[in-house]
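First the structure, in the form of structure tokens, and then the observations on it.
Quick note on labels: first sequence line is chain A, next is B, and so on, each numbered from 1.
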2 protein chains.
Amino acid sequence: MTFDAIDVKIMNALQRDAGQSLETLGADVGLSRNACWRRVKALEESGAITSRVALVDAKAVGLGLMVFMQVRTHSHDPGWQDKFNRATRVIPGILSVYRMTGDLDYLIRARVPDMDGYDALYQQLIEQVPIADVSASFVMEEIKDSTALPL
Amino acid sequence: MTFDAIDVKIMNALQRDAGQSLETLGADVGLSRNACWRRVKALEESGAITSRVALVDAKAVGLGLMVFMQVRTHSHDPGWQDKFNRATRVIPGILSVYRMTGDLDYLIRARVPDMDGYDALYQQLIEQVPIADVSASFVMEEIKDSTALPL
DNA sequence: GGTGAAATCCCTCATCG
DNA sequence: CGATGAGGGATTTCACC
């Protein structure tokens with residue numbers, strides 16, 4: 001799919017604030033409220049805009065510690081990957097799981113209340129799936145963290 | 001700040017879908033639309049809900065490659081840190097920058113169109129700030145990636 | 001893409017449990 | 001705190017040009 005300059009403006013504006021009215025949005029991108037509405041709907045239906053969500057402040061809800069877990073496995077068990085995927089998808093606190101370049105190397109991003117919370121999450125994980133090697137790095141400072149893609 | 005079960009339900013619902021009406025939301029959490037509206041407003045004003053944003057599909061806009069850059073530096077002078085922070089904040093494509101514990105100093109999460117795009121981003125970064133050591137890991141598969149915190 | 005009109009929703013207030 | 005009802009105003013949505 002291809003997007004023109006106005007589509008890009010719309011997506012940029014909505015990535016910043018999805019709560020604004022079509023009036024405001026239309027004025028920003030130089031379109032009438034209605035033409036703008038049709039564009040937004042098209043972007044949603046084409047899947048370019050996947051959803052509108054509320055962002056919650058992690059510290060405010062007691063999830064002040066962010067941790068990256070680097071998982072290495074040398075298991076070539078065919079069912080291992082499925083089990084790992086299922087386990088990580090279900091465990092609360094695990095926000096992202098990526099399979100990385102390199103030999104079966106996974107990166108997990110999680111949010112927990114504190115170190116005890118991390119330990120609980122770690123125990124929960126290795127209980128459900130055997131993992132050869134896990135190393136954890138904790139986030140001391142979030143210099144930048146955005147959901148908005150550069151368009 | 002403390003949240004009761006209904007606040008948690010509201011935040012969970014809005015983390016999934018921030019576009020739903022107060023009618024729907026109220027029904028979901030077992031509250032009238034009006035009582036629900038007051039809760040939502042309080043959550044927004046307290047900062048627990050920071051914003052409502054649209055999520056854009058990275059592949060749909062040609063940013064199909066996600067990369068993590070592990071940055072190590074041996075210069076810990078304050079001027080370098082400021083320069084690094086400013087550079088990463090400005091460069092488009094860099095979505096997250098974290099200062100970490102342990103042997104790696106900074107972790108950068110970025111989205112780029114392809115390998116050429118990564119190289120361009122890398123060049124842009126080291127042009128603005130001297131970096132001793134960078135290693136990049138590319139995401140082959142996104143098993144999970146959520147903006148919703150577990151409440 | 002624009003215009004206008006209908007349906008819906010948001011926000012506020014006031015009152016009562 | 002929450003429910004209900006009601007009002008004005010804004011917004012979404014759908015006709016048609």
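- Checking the phosphate oxygens (OP1, OP2) of C:dC10, no side-chain nitrogen or oxygen of B:Lys41 falls inside 4.0 Å.
- With D:dA3, C:dG1, D:dT12 as the choices, the nucleotide that has an atom nearest any side-chain atom of A:Ser21 turns out to be D:dT12.
- Comparing atom distances between the B:Ala35 side chain and each of D:dC1, D:dA3, C:dG1 picks out D:dA3 as nearest.
- A donor-acceptor contact shorter than 3.5 Å is absent between the side chain of A:Gln15 and the backbone of A:Leu151.
- In this structure, the side chain of B:Asp105 engages the main chain of B:Thr73 through a donor-acceptor pair within 3.5 Å.
- One interatomic measurement links the two molecules: CD of B:Glu44 to P of C:dC11, which rounds to 8 Å at whole-angstrom precision.
- Using a 4.0 Å heavy-atom distance criterion, A:Arg33 is classed as making no nucleic acid contact.
- The distance from atom CD1 of B:Ile10 to atom C1' of D:dG2 is 12 Å, rounded to the nearest whole Å.
- Between A:Tyr118 and A:Phe138, the two ring planes are perpendicular [angle over 60°; tilted spans 30° to 60°].
- Taken from CG in A:Leu55 to CG in B:Leu14, the straight-line distance is 11.0 Å, to the nearest 0.5 Å.
- Spacing between atom CG of B:Leu31 and atom C1' of C:dG17 amounts to 15 Å, rounded to whole angstrom units.
- What separates CG of B:Leu22 from C1' of D:dT4 is a distance of 16 Å, to the nearest Å.
- Distances shown here put a side-chain N or O of B:Trp37 below 4.0 Å from the OP1 or OP2 atom of C:dC11.
- The CZ atom of A:Arg38 sits 11 Å away from the P atom of D:dC14 (whole-angstrom rounding).
- Contact annotation: side chain of B:Asn34 to base of D:dG5, donor-acceptor pair present below 3.5 Å.
- Atom CD in B:Glu23 sits roughly 12 Å away from atom P in D:dA3 (whole-Å rounding).
- Rounded to whole Å, atom C1' of C:dC11 lies 13 Å from atom CD of B:Glu45.
- Using a 4.0 Å heavy-atom criterion, one finds that B:Ser32 contacts the bases of the nucleic acid, with or without backbone contacts as well.
- For the pair A:Leu25 CG and D:dT13 C1', the computed distance is 16 Å after rounding to whole Å.
- Between A:Phe84 and A:Tyr106, the angle of the ring planes lies from 30° to 60°, which puts this pair in the tilted group.
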